[in-house]
There are 2 protein chains.
Amino acid sequence: MYSYEYPHPAVTVDCVVFGLDDGGLKVLLIQRDLEPFALSWALPGGSIKLDEDLGQSARRELAEETGVTDLYLEQLATFGKPGRDPRERVITVAYFAIVNLLEHKVSPDTGARSAAWFPVDDSPPLAFDHRLILDLALMRLQSKLRNQPLGFEFLPEKFTLTQVQRLYETILCEGLDKRNFRKKILTTGLLVPLDEVEIDVAHRAAQLYRFDKEAYVRLQAQGYAFEI
Amino acid sequence: MYSYEYPHPAVTVDCVVFGLDDGGLKVLLIQRDLEPFALSWALPGGSIKLDEDLGQSARRELAEETGVTDLYLEQLATFGKPGRDPRERVITVAYFAIVNLLEHKVSPDTGARSAAWFPVDDSPPLAFDHRLILDLALMRLQSKLRNQPLGFEFLPEKFTLTQVQRLYETILCEGLDKRNFRKKILTTGLLVPLDEVEIDVAHRAAQLYRFDKEAYVRLQAQGYAFEI
DNA sequence: CTCATGTGGTGTTTATAATACACTAAGACG
DNA sequence: CGTCTTAGTGTATTATAAACACCACATGAG
């Protein structure tokens, strides 16, 4: 067996989990109970185990700390500036995910010690350099949304076009033309109209759609796919 | 002082450095002199030091192993599957860069132990999962090139439009229409025509341009910028 | 000397995609 | 029964991308 001459840093994973509701774009945070930054809010995450893949570690930590499971995680970037953790050198691999907030409520009895959803643009100060990570994730989310139809993970299984448009407007922080938006989103071929309609807040019947995941995978296959 | 309960993996950086010449797109590799994979070719890289930023580590390893310095490195992704190094758990943060190959010749006296440029699509088998890293870098390079004017780093300070087009065609593996290409690349406003002309292989005078780095920075500023 | 070859340079037309824009139908509620 | 709210729809305009062919000039071969 051989070994490296250099000392090893700690390696952690952190997850930026975005959710959406009427109040806007939210991010899932946990309250730390240990020093440093005890009582501060932070991105869920923690040390990797040596026999786990990075993505698995992220998923495990997320489940342990927030109870949130079953989500699509994508690698964001790795942060490793010396001094970002006062204890020792810590490299953190950041992941990001988007989920339907309503299906991922957090409460003590889901296993969450003290997890909560916060508005991204009005979150408490974050521990370590987590604000930096969050900001990068936000940029990535916006850029992904601009370049490809995405974000249906934020919505329930069945949704209306108006909901999709609100989603886009909220995340991109800009108003979109209703007719152009519907045209564009429908010509992607990713939305399947259902036979059902939803009765709306104003008691107006609205056509329901579902996201055609297989069509999406087919599209991805002939385009780019970033996974490791 | 506090400490983590989990054991620490090794952390390394690896660099995918692309260069271009008449023979096509090349990648900078080094020949390993130690087990495992002794004598195999591999991406330049190595263990981080605890007081260095990740990018600094990448730059240092690259200089030590290949003599290549002064380049723009961008973080690509982090690879950490258990078993990717037979010795121990190793997390590697991959960086990628594009350089002008002619200005970065490698030879033993530049400090390179045994570094060489290889065609990307005809490289020797690589150590570890380096082929995977290289393939991801290649995809990233193509996708960047498609979405924004880039790649001038491959060229010398002064260059002709034909050179730029050849660059694009080589990397994207597709032919491009000359007039449309020139139109598009000139309307970006990133190329400054010089008073000089170059006398070409066929002894034909060709207009020289230089890359307007400041204009590029201005553009980036109001668009996306991915750095950590 | 001239003719074939290779390379730099140039505009216009057509198709496709993005944008701007305004009204109707229907139920809720007072 | 009038007002409010929301779902749904089509066309004209503009910008962007794609297709396409020829000339000028120097070289080198015969």
Side-chain angles (χ1 to χ4, degrees), chain A residues 21-22 142-150 152 155-156 158-170 172-211 219 222-223, chain B residues 21-22 142-150 152 155-156 158-170 172-211 219 222-223:
Chain A
D21 68 5
D22 298 337
Q142 290 183 340
S143 120
K144 279 184 78 101
L145 207 65
R146 264 182 232 279
N147 300 328
Q148 51 182 296
L150 200 77
F152 301 103
L155 298 174
K158 301 171 182 180
F159 50 81
T160 67
L161 292 186
T162 305
Q163 281 179 282
V164 184
Q165 184 171 353
R166 268 203 296 268
L167 184 166
Y168 271 70
E169 290 179 332
T170 304
L172 299 180
C173 300
E174 67 187 60
L176 300 170
D177 180 86
K178 198 203 290 190
R179 280 168 293 186
N180 292 338
F181 180 81
R182 291 166 107 90
K183 215 186 306 173
K184 201 162 159 187
I185 206 79
L186 286 176
T187 54
T188 60
L190 295 179
L191 265 52
V192 183
L194 301 174
D195 296 335
E196 315 164 50
V197 293
E198 187 186 52
I199 303 306
D200 180 78
V201 187
H203 307 250
R204 177 82 183 79
Q207 175 68 50
L208 281 174
Y209 292 83
R210 70 172 178 82
F211 175 52
L219 259 188
Q222 63 203 44
Chain B
D21 68 7
D22 298 338
Q142 291 183 339
S143 120
K144 279 185 78 100
L145 207 65
R146 264 181 232 280
N147 300 328
Q148 53 183 293
L150 199 77
F152 301 102
L155 299 174
K158 302 171 182 179
F159 49 81
T160 67
L161 292 186
T162 304
Q163 282 179 282
V164 184
Q165 185 172 350
R166 268 204 296 268
L167 185 165
Y168 271 71
E169 289 178 333
T170 304
L172 299 181
C173 300
E174 66 187 61
L176 300 170
D177 180 86
K178 199 203 291 190
R179 280 166 294 186
N180 291 338
F181 181 80
R182 291 165 107 89
K183 217 184 305 172
K184 201 162 158 185
I185 206 78
L186 286 176
T187 53
T188 60
L190 295 178
L191 264 52
V192 183
L194 302 174
D195 297 333
E196 315 164 51
V197 292
E198 188 185 52
I199 304 305
D200 181 77
V201 187
H203 307 251
R204 180 82 184 80
Q207 175 67 51
L208 283 174
Y209 292 84
R210 70 171 178 82
F211 175 53
L219 259 186
Q222 60 203 45

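Note that this is a predicted model, so its numbers are computed, not measured. Chain letters run A, B, ... following the sequence lines, proteins first, then strands; residues in each count from 1. Only heavy atoms go into these numbers, but all of them, side chains included; no hydrogens, no water, no symmetry mates.
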CA sep, side-chain torsions, deciding dist, call: B:Leu194, B:Tyr209, side-chain contact (heavy atoms from CB on, under 4.5 Å): CA-CA 5 Å; B:Leu194 302 174; B:Tyr209 292 84; 5.6 Å; no
Distance in angstrom units between A:Tyr209 OH and D:dA7 C1', rounded: 10 Å
Separation of atom CZ in B:Arg166 from atom C1' in C:dG6, rounded to whole Å: 12 Å
Distance below 4.0 Å between A:Arg182 side-chain N/O and D:dG8 OP1 or OP2: yes
Sugar-phosphate, base or nothing in reach of B:Lys184, heavy atoms under 4.0 Å: nothing
Lys/Arg-Asp/Glu bridge criterion (N-O < 4.0 Å) met for A:Lys158, A:Glu196: yes
Rounded distance in Å - CZ (A:Phe159) to P (D:dA7): 15 Å
B:Leu186 CG to C:dG9 C1', straight-line distance once rounded to whole Å: 12 Å
Euclidean distance, atom NZ of residue B:Lys178 to atom P of D:dA17 [Å, nearest integer]: 21 Å
Of the listed nucleotides D:dA19, D:dG8, C:dG8, the one nearest the side chain of A:Ala206: D:dG8
Distance-only donor-acceptor test, B:Arg179 side-chain atoms vs D:dA21 base atoms, 3.5 Å: yes
DNA chain D: 5'-proximal contact among B:Asn180 and A:Ala205 (nearest heavy atom): A:Ala205
Rounded distance in Å - CG (A:Asp177) to P (C:dC23): 15 Å
Rounded distance (Å) that lies between atom P of D:dA17 and atom CG of B:Leu176: 13 Å
Steps toward side-chain contact (heavy atoms from CB on, under 4.5 Å) verdict (B:Leu176, B:Gln165): CA-CA 8 Å; B:Leu176 300 170; B:Gln165 185 172 350; 3.9 Å; yes
B:Leu208 or A:Arg204, whichever maps to the more 5' nucleotide of DNA chain C: B:Leu208
Whether A:Phe152 and A:Phe159 hold their rings parallel, tilted or perpendicular, with breakpoints at 30° and 60°: parallel
Interatomic distance, B:Phe181 CZ vs C:dT10 C1' [rounded to whole Å]: 16 Å
Pair of N/O donor and acceptor under 3.5 Å linking D:dT9 base with A:Lys183 side chain: no
Pair A:Glu174 + A:Arg146: basic N to acidic O under 4.0 Å: yes
